Amino acid sequence: MIKIYNTLTRKKETFKPLHAGEVRMYVCGPTVYDSSHLGHARSIVAFDVIRRYLEYKGYDVRFIQNFTDIDDKMIQRAQEQKTTTEKLATKYIQEYFEDFDKLGVKRATGFPKATEHIQEMIEHIQKLVEKSFAYEANGSVYFRVSKFKNYGKLSRQEKGEKEAEDQDAGEVEEKEHPQDFVLWKAMKPGEPSWDSPWGKGRPGWHIECSVMSKQYLGEPIDIHGGGLDLVFPHHENEIAQSEALSGQPFVRYWMHNGFLTVNKEKMSKSLGNFFTIQEITAKYHPEVVRLFLISSQYRSPIDFSDAQLEEAKTRLARIHNSIDLLQRHLRETRVEEAKNPVKPSTVDSELWEALSTLQTEFENAMDDDFNTPIALASLNTFLTKMNSILSRNDSVTAGTLQKILEILDAIGEVFGLYRQRMKPESSDEGVTDGLVQLLIQLRNQARKQKDFETADRIRDQLKDLGIVLEDEKTGTVWKWA
RNA sequence: GCCGAGGUGGCGGAGUGGCCACGCGACAGCCUGCAGAGCUGUUUUAUAUGGGUUCAAAUCCCAUCCUCGGCUCCA
């Protein structure tokens, strides 16, 4: 039974999707005017793991993530770069996919763009005007917040007078009340625009999520996610726009991830303290970045530091080493069992018990609002146990080892970790293996004759090729560095 | 000003009343020609501060200090 912390109620609630066996979720995607940074990755990876766990539990997940491809920043950046908003969007959407494919993020079911849903947005706004939840002023349309009685229920705050000063002066004059927010912006000279009943213009930021969420997932949806910074005003406004028309809840579970910080300050474009995904993945393997990101529960802040990334690297290596050890034992055991069938022993049952504990603890942790640190801890505990048994070289059946591999694979699939380690060897690797085995034989001959110079030369030169030799009690094994 | 989150060992990070996180680092040992990996053990009363409740508190209550976030674009 999954429990989710719902921002709306500020409580963990038992998760029950509206449609049995199916989860409909929407996560706010980026405005595609610039490269994604690690702060975006925090959010995207958090919801990727949530989605993967829901799938692990057998749900059919319909997952929609939008691209905001028209807004003030898009227009401004396009003007600066003497290009169009379309070209800008195309460029950064492509980059988005490159970045997050690399980070092992599963693609959403759909990636709707704001500019492809202008007509639906206009219709939605029209209906709001008809019901007097919105009003037109000088070609712009504003949402009449005072008419929507539940305004503020998500963020538990209402816009005060304070920020009226910070708002666009033209808008303030047009608005009936400073709280009101824009649904449709009248065109300014030189800006991209679409025809509407109120003249040429473009949609406000908030309306796209309301409209696209409804179009692709219906109402209400199960989960709507995004960064904590979107709670107000973005999500508050989405609720107002959607529920004013439908008269029913727009979203059943609101989920918000905590920030990625640098020296305890939020990583953001405006502070300039950010690293792009490209920069970070050039320095660290994408799975190291993922492990770093899921080492805290998704609602907690994570403070970025190189030391933390280095630690994640070490921790991932430990997992890799354990899987290598397991796979080697499995290969060897299969060869053995082909000669002499083996019966399960007490060591087998010890492993089965540890495996069952792992599964229970992993699922309990993830069921509890996707507590990845505890889930990772359960994996660690299991690996220590498994390594301990395997290092004693007690005989374990191939069936047991195979089962462990399957469970580890399923868990790794949720985290999006050690995927490469699980892949069967390619035929190329078969050839490599043959060659390396030959060198290992030669080297061990040298070692037997105490010719360590030759032995070390073989090991060192293989290392330069990215092949690491390790001498075990039972013989020498190799792996890619 | 208003709203919200949080302060845990050398470090990261869990934990909503009683026992144990987990990892990184450090130290010692096993194994090894050396190395690596792995294993075993150690890292003495870690829970911002001061009170309180309780047989028992990191966990509940009160106060204080500090940090961060939202209220303007932001994952």
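On a predicted model such as this, the values are computed, not experimentally measured, just so you know. Lettering of chains follows the sequences in order, A, B, ..., and the numbering in each one begins at 1.
Nucleotide rC31(B) holds its C1' atom 13 Å from the CD atom of Glu470(A), rounded to whole Å. As a whole-Å value, the separation of Leu379(A) CG from rG13(B) P is 19 Å. For the pair Asn66(A) CG and rA75(B) P, the interatomic distance rounds to 10 Å; values are reported in whole Å. Here rU16(B) presents its P atom at 12 Å from NZ of Lys3(A), a figure rounded to the nearest Å. Lys479(A) has its NZ atom 17 Å from the P atom of rA35(B), to the nearest Å. Rounded to whole Å, atom P of rC11(B) lies 20 Å from atom CZ of Phe304(A). Atom CZ of Phe382(A) is separated from atom C1' of rC20(B) by 19 Å (rounded to the nearest Å). When rounded to the nearest whole Å, the span between NZ of Lys313(A) and C1' of rC24(B) equals 14 Å.
The same atom, C1', is picked in rG9(B) and in rU45(B); the two are 12 Å apart, to the nearest Å. Comparing the P positions of rA26(B) and rG17(B) gives an interatomic distance of 37 Å, to the nearest angstrom. Comparing rC31(B) with rU49(B), their P atoms are spaced 45 Å from each other, to the whole Å. Separating the P atom of rA37(B) from that of rG25(B) is a span of 9 Å, rounded to the nearest Å. Rounded to whole Å, the C1' atom of rG29(B) lies 24 Å from the corresponding atom of rC20(B). Rounded to whole Å, the C1' atom of rA48(B) lies 11 Å from the corresponding atom of rU67(B). Nucleotides rA63(B) and rA5(B) have their P atoms positioned 16 Å apart, rounded to a whole Å. Using atom P as the reference point in both rA58(B) and rC24(B), the two lie 27 Å apart (nearest Å).
Heavy-atom nearest nucleotides on RNA chain B were determined for Ser296(A) and for Thr314(A), and the one closer to the 5' end corresponds to Ser296(A). With RNA chain B read from its 5' end, the first of the two nearest nucleotides for Lys264(A) and Ser268(A) is the one closest to Lys264(A).
For the pair Asn257(A) and rA75(B), the criterion of a side-chain N or O lying under 4.0 Å from OP1 or OP2 is not met. Contact check, Arg299(A) against rG4(B): no side-chain N or O comes under 4.0 Å of OP1 or OP2. OP1 or OP2 of rU40(B) lies within a sub-4.0 Å distance of a side-chain N or O belonging to Ser388(A). Between Thr384(A) and the phosphate of rG23(B), there is a side-chain N or O to OP1/OP2 separation shorter than 4.0 Å. Of the side-chain N and O atoms in Asn371(A), one or more sit less than 4.0 angstrom from OP1 or OP2 of rG15(B). For rG70(B), one of the phosphate oxygens OP1 or OP2 lies less than 4.0 angstrom from a side-chain nitrogen or oxygen of Lys266(A).
Among the heavy atoms of the strands lying under 4.0 Å from Gln308(A) are primed sugar atoms or P, OP1, OP2 only; no base atom is included. Nucleic acid contact for Leu260(A): base, since at least one base atom lies under 4.0 Å from a heavy atom of the residue. Residue Asp471(A) is classed as a base contact, given a heavy-atom separation below 4.0 Å to a base. At a threshold of 4.0 angstrom between heavy atoms, the contacts of Asp72(A) with the nucleic acid are absent. Base contact: Gly258(A) has a heavy atom under 4.0 Å from a base atom. Here Asn387(A) lies in heavy-atom contact (under 4.0 Å) with sugar-phosphate atoms only. Nucleic acid contact for Ser378(A): none, since no nucleic acid atom lies under 4.0 Å from a heavy atom of the residue. Residue contacts shown for Gly226(A) are limited to sugar-phosphate atoms, with no base heavy atom under 4.0 Å away.
Using the Watson-Crick or G-U wobble rule with both distances under 3.5 Å, rC60(B) pairs with rG52(B). Pair assignment for rA75(B): none, as no Watson-Crick or G-U wobble contacts are both less than 3.5 Å. Taking a pair to require two hydrogen-bonding distances under 3.5 Å in either a Watson-Crick or a G-U wobble arrangement, rG25(B) pairs with rU43(B). Base pairing analysis places rU67(B) opposite rA5(B); the two distances defining the Watson-Crick or G-U wobble pair are each below 3.5 Å.
One donor-acceptor pair, N or O on each side, does fall under 3.5 Å between the base of rG36(B) and the side chain of Glu472(A). Between the base of rC73(B) and the side chain of Asp71(A) there is no donor-acceptor pair shorter than 3.5 Å. Side chain Arg447(A) to base rG33(B): a donor-acceptor pair is found below 3.5 Å. Side-chain N/O atoms of Asp324(A) and base N/O atoms of rG38(B) include no donor-acceptor pair closer than 3.5 Å. In the interface, the side chain of Arg459(A) is paired with the base of rA35(B) through a donor and an acceptor atom under 3.5 Å apart. If you check distances only, the side chain of Gln297(A) never reaches the base of rG13(B) with a donor-acceptor pair under 3.5 Å. Side-chain atoms of Arg443(A) and base atoms of rG33(B) include a donor and an acceptor less than 3.5 Å apart.
Between Arg202(A) and Asp71(A) there is no salt bridge, since no side-chain N of the basic residue sits under 4.0 Å from a carboxylate O of the acidic one. Taking a cutoff of 4.0 Å between a charged side-chain nitrogen and a carboxylate oxygen, Arg77(A) and Glu80(A) qualify as a salt bridge. Asp34(A) has no carboxylate O lying under 4.0 Å from a charged side-chain N of Lys73(A), or vice versa, which leaves the two without a salt bridge. Between Arg459(A) and Asp456(A) there is a salt bridge, since at least one side-chain N of the basic residue sits less than 4.0 Å from a carboxylate O of the acidic one. Looking at Asp324(A) and Arg421(A), a side-chain N of the basic residue comes within less than 4.0 Å of a carboxylate O on the acidic one, giving a salt bridge. Salt-bridge check for Lys385(A) with Glu350(A): passed, with a basic side-chain N closer than 4.0 Å to an acidic carboxylate O.
Listed by chain and residue number, Ala78(A), Gln81(A), Lys87(A), Leu88(A) satisfy the side-chain contact (heavy atoms from CB on, under 4.5 Å) test with Thr83(A) (two or more places apart in sequence, or in another chain). Under the ring-ring contact (aromatic ring centres under 6.0 Å, His included) criterion, Phe143(A) pairs with Phe181(A), sequence neighbours left out.
The aromatic ring centroids of Phe63(A) and Tyr26(A) lie 6.0 Å or more from each other. Here the two rings, on Phe415(A) and Tyr53(A), have centers that are 6.0 Å apart or farther.
Considering only side-chain atoms of Glu311(A), the nucleotide from rA75(B), rC24(B), rG13(B) that sits closest is rC24(B). For Ile374(A), whose side chain is taken as the heavy atoms from C-beta onward, the closest listed nucleotide among rA75(B), rG4(B), rA14(B) is rA14(B). Across rA75(B), rG33(B), rA14(B), the shortest atom-to-atom separation from the side chain of Ala455(A) is found for rG33(B). Closest contact between the side chain of Met267(A) and the listed nucleotides rA75(B), rG23(B), rA14(B) involves rA75(B). Closest to the Lys73(A) side chain, of the nucleotides rG38(B), rA75(B), rC73(B), is rC73(B).
Stacking between Phe452(A) and rG33(B) is present: the aromatic ring centre lies within less than 5.5 angstrom of the base six-membered ring centre, and the two planes differ by under 30 degrees.
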